[in-house]
Each structure stands twice: as structure tokens, then as C-alpha cells.
Amino acid sequence: MVEDRITDGKRVAQLLASELTGLETPPLDRVGVVDATPEVEPTADGTAAYGVAIDGDRIGTVTVFPDGATLSVDGSLPEAFEPADGIDVERGDEGVVVRIEHAAAVKGAVDALVAITAA
């Protein structure tokens, strides 16, 4: 069986935006997409596609690359958080960067966002 994975950064970002705006269970009911650039095109250095906000206050940015997307969020991620398949997490002093390698990993990125906002 051949396994196709969607790795196009623009498509991954679109799927993440759909998840973030479509979920109504707390705390995701307070999350929104802001400052979206629908015509964004992925670049090797990354291009900002949209911001992520909670109750209207921007907390992060989604950036698109040819081979995936990143969700950069102010805050911290609990040490016990286990990234899902297709997710890489970089913890830093300024926040957390979640690299989303393919479309199936979007749910893992949402889980990371929930953990970050709960920390």
C-alpha cells in the first residue's frame, strides 16, 4: 500500500486554521486566526501565513515552508508533553516552535497548542 502525505506548507497551514477555528471545546473555543494572508506562498526561509489569537490577543504565528509549517507560540510547553508523529517541538526562552511535517500531524499541533495555553 502506498501512503501519500500532504507536506505542502500552505495546505498544512490551511488545515491547521480549519482546526483552530472549527473546534468549540475549551480552550479552543477561544482560539482564532488573525491577520491571514490567503495568497501566501511557502518559501525556503518561511513566510508568515496568519496569527493565532486567544480572545483576540495574538499569541503566535503560523509560518509556511515548502515542506511543512511551523506554529510559533508565546509560552511554554510542559516537559511531560510527548510530541505526536510528524511533530517536532523546540522549546526556547521566548516560546515554543512546533514544526508540522505533514497534514496528518495537524491534530498533534493542536494538542501542543492546548498544552501550551494550559501551562
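Values below: all heavy atoms of this structure, side chains included; hydrogens, waters and symmetry mates excluded.
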Within this structure, what is the [atom1]-[atom2] distance for the pair [X] and [Y], rounded to the nearest 0.5 Å?
X   : Y    : atom1 : atom2 : result
L28 : L113 : CG    : CG    : 6.5 Å
T47 : F65  : OG1   : CZ    : 8.0 Å
T63 : L71  : OG1   : CG    : 9.0 Å

Over all heavy atoms of both residues, which pair between [X] and [Y] is shortest? Give the atoms and the distance, please.
X    : Y    : result
A115 : F81  : CB-CD1, 3.9 Å
I87  : A109 : CD1-N, 3.6 Å
V12  : A69  : CG1-CB, 4.0 Å
A105 : G86  : CB-O, 3.5 Å
D8   : P42  : OD1-CG, 4.2 Å
A48  : T61  : CB-CG2, 4.0 Å

Just jot down the salt bridge (Lys or Arg N to Asp or Glu O under 4.0 Å) partners of [X], sequence neighbours excluded, or say none.
X   : result
R91 : E79
D74 : none
E41 : K10
D85 : R5

* Asked: Do the side chains of I100 and L23 join up, straight or via other hydrophobic residues, at under 4.5 Å, putting them in one cluster?
  ->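 Linked, I100 and L23 end up in one cluster.
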
Taking the side chain as C-beta and beyond, is there a heavy-atom pair between [X] and [Y] under 4.5 Å?
X    : Y    : answer
S76  : I116 : no
T117 : I59  : yes
H102 : I6   : no

- Task: Go through the steps for V52 and V73 under the test side-chain contact (heavy atoms from CB on, under 4.5 Å), then give the verdict.
- Result: CA-CA 8 Å; V52 176; V73 182; 6.0 Å; no

*Can you tell me if Y50 uses its side chain to pair, donor with acceptor, with the backbone of Q14 under 3.5 Å?*
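Not a single qualifying donor-acceptor pair exists.
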
*Kindly state each residue pair satisfying salt bridge (Lys or Arg N to Asp or Glu O under 4.0 Å) with at least one member in residues 51-71, sequence neighbours excluded.*
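Found R30-D55, D35-R58, D67-R99.
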
* Linked hydrophobic residues, V40 as query - side chain contacts closer than 4.5 Å ->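 V64, all in the cluster of V40.
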
Worksheet entry | Pair D88-V98, side-chain contact (heavy atoms from CB on, under 4.5 Å): steps then yes or no | CA-CA 6 Å; D88 286 321; V98 179; over 6 Å; no

For this session: Starting from the C-alpha separation in whole Å, work towards a yes-or-no answer on side-chain contact (heavy atoms from CB on, under 4.5 Å) for L77 and V89.
Result: CA-CA 9 Å; L77 190 60; V89 175; 3.4 Å; yes

